[in-house]
Amino acid sequence: SKWEPVLVDFGLARPPRTENVTSEFVLVGTNGHWAPELLANPGAHFEYTPATDLHALGHLFYQALTGRAPYRADSSGGLMAAVLEQEPPPPSSVVTTLPRVLDAPALRLLAKRPEDRTPSALAFAEELADILANIPSRAPAHEVAAAVDRLRAAAEGRAADPSTRD
């Protein structure tokens with residue numbers, strides 16, 4: 001039986017336009033995964049958007065590619081400043097064996113301005129599928145295709161085709 005990673009984080013989940021129970025000026029979320037717009041406007045009145053989630057996805061994608069966080073600091077305050085002010089190094093400069101073609105989608109998800117990020121998880125999945133289709137892989141092609149199909153299905157909010165699973 002194969003192990004398949006699953007990412008779940010319901011820590012901040014709430015239906016749109018519902019009352020937020022978090023106090024004013026309380027920063028919620030995982031250290032370093034904060035979007036710059038959250039740090040610039042913390043508190044109970046911050047409006048989470050898909051772009052906020054895409055930034056968090058960018059953090060996870062960067063970490064999956066490089067084995068380290070995109071922003072580094074010795075304190076929470078330093079980490080906040082890094083998220084707001086620093087550009088992370090391209091993933092291929094951290095892990096020199098990574099194809100440089102993965103740098104642009106990773107860094108786009110981590111863009112400081114929400115409007116500069118990939119427009120949706122589906123657009124990211126499609127871009128990644130295109131990239132993966134052109135990168136020689138040690139994994140059999142059907143496994144890579146199945147993984148991309150699962151990512152695309154998750155982005156579209158539907159179940160993946162069961163015939164693509166092992």
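- Between the side chain of Thr49 and the backbone N or O of Ala51 there is at least one donor-acceptor pair closer than 3.5 Å.
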Side-chain donor-acceptor pairs of residues 91-101 under 3.5 Å, sequence neighbours excluded:
{"residue": "Ser92", "atom": "OG", "partner": "Asp103", "partner atom": "OD1", "Å": "3.3"}
{"residue": "Ser92", "atom": "OG", "partner": "Asp103", "partner atom": "OD2", "Å": "2.6"}
{"residue": "Ser93", "atom": "OG", "partner": "Pro90", "partner atom": "O", "Å": "2.7"}

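- Shortest non-hydrogen contact noted between Ala123 and Thr118 is CB-CG2, 3.9 Å.
- Put simply, the side chain of Pro89 reaches to within 4.5 Å of the side chain of Arg68, judged on heavy atoms.
- Minimum interatomic distance between Ala73 and Gly78 (heavy atoms only, all atoms of both residues): CB-C, 3.3 Å.
- Applying the side-chain contact (heavy atoms from CB on, under 4.5 Å) criterion to Ala35, with sequence neighbours excluded, gives Glu37, Thr52, His55, Arg117.
- Side-chain atoms of Leu38 and Tyr48, non-hydrogen and from C-beta on, do get closer than 4.5 Å to each other.
- Residues satisfying the salt bridge (Lys or Arg N to Asp or Glu O under 4.0 Å) test with Asp116, not counting sequence neighbours, are Arg113.
- Put simply, CG on Leu109 and CG on Leu57 are 5.5 Å apart, with the number rounded to the nearest 0.5 Å.
- Judged by distance alone, the side chain of Lys112 and the main-chain N or O of Val83 form a donor-acceptor pair under 3.5 Å.
- Every residue meeting the side-chain contact (heavy atoms from CB on, under 4.5 Å) condition with Ala82, not counting sequence neighbours, appears here in chain and number order: Tyr71, Gln86.
- Annotation: side chain of Pro105 is not in contact with side chain of Leu128 (no heavy-atom distance under 4.5 Å).
- Scored by the salt bridge (Lys or Arg N to Asp or Glu O under 4.0 Å) test, Glu127 finds Arg108 as partners (sequence neighbours excluded).
- Scanning both residues, Tyr62 and Pro70, for their nearest heavy atoms gives CE2-CA, 3.4 Å.
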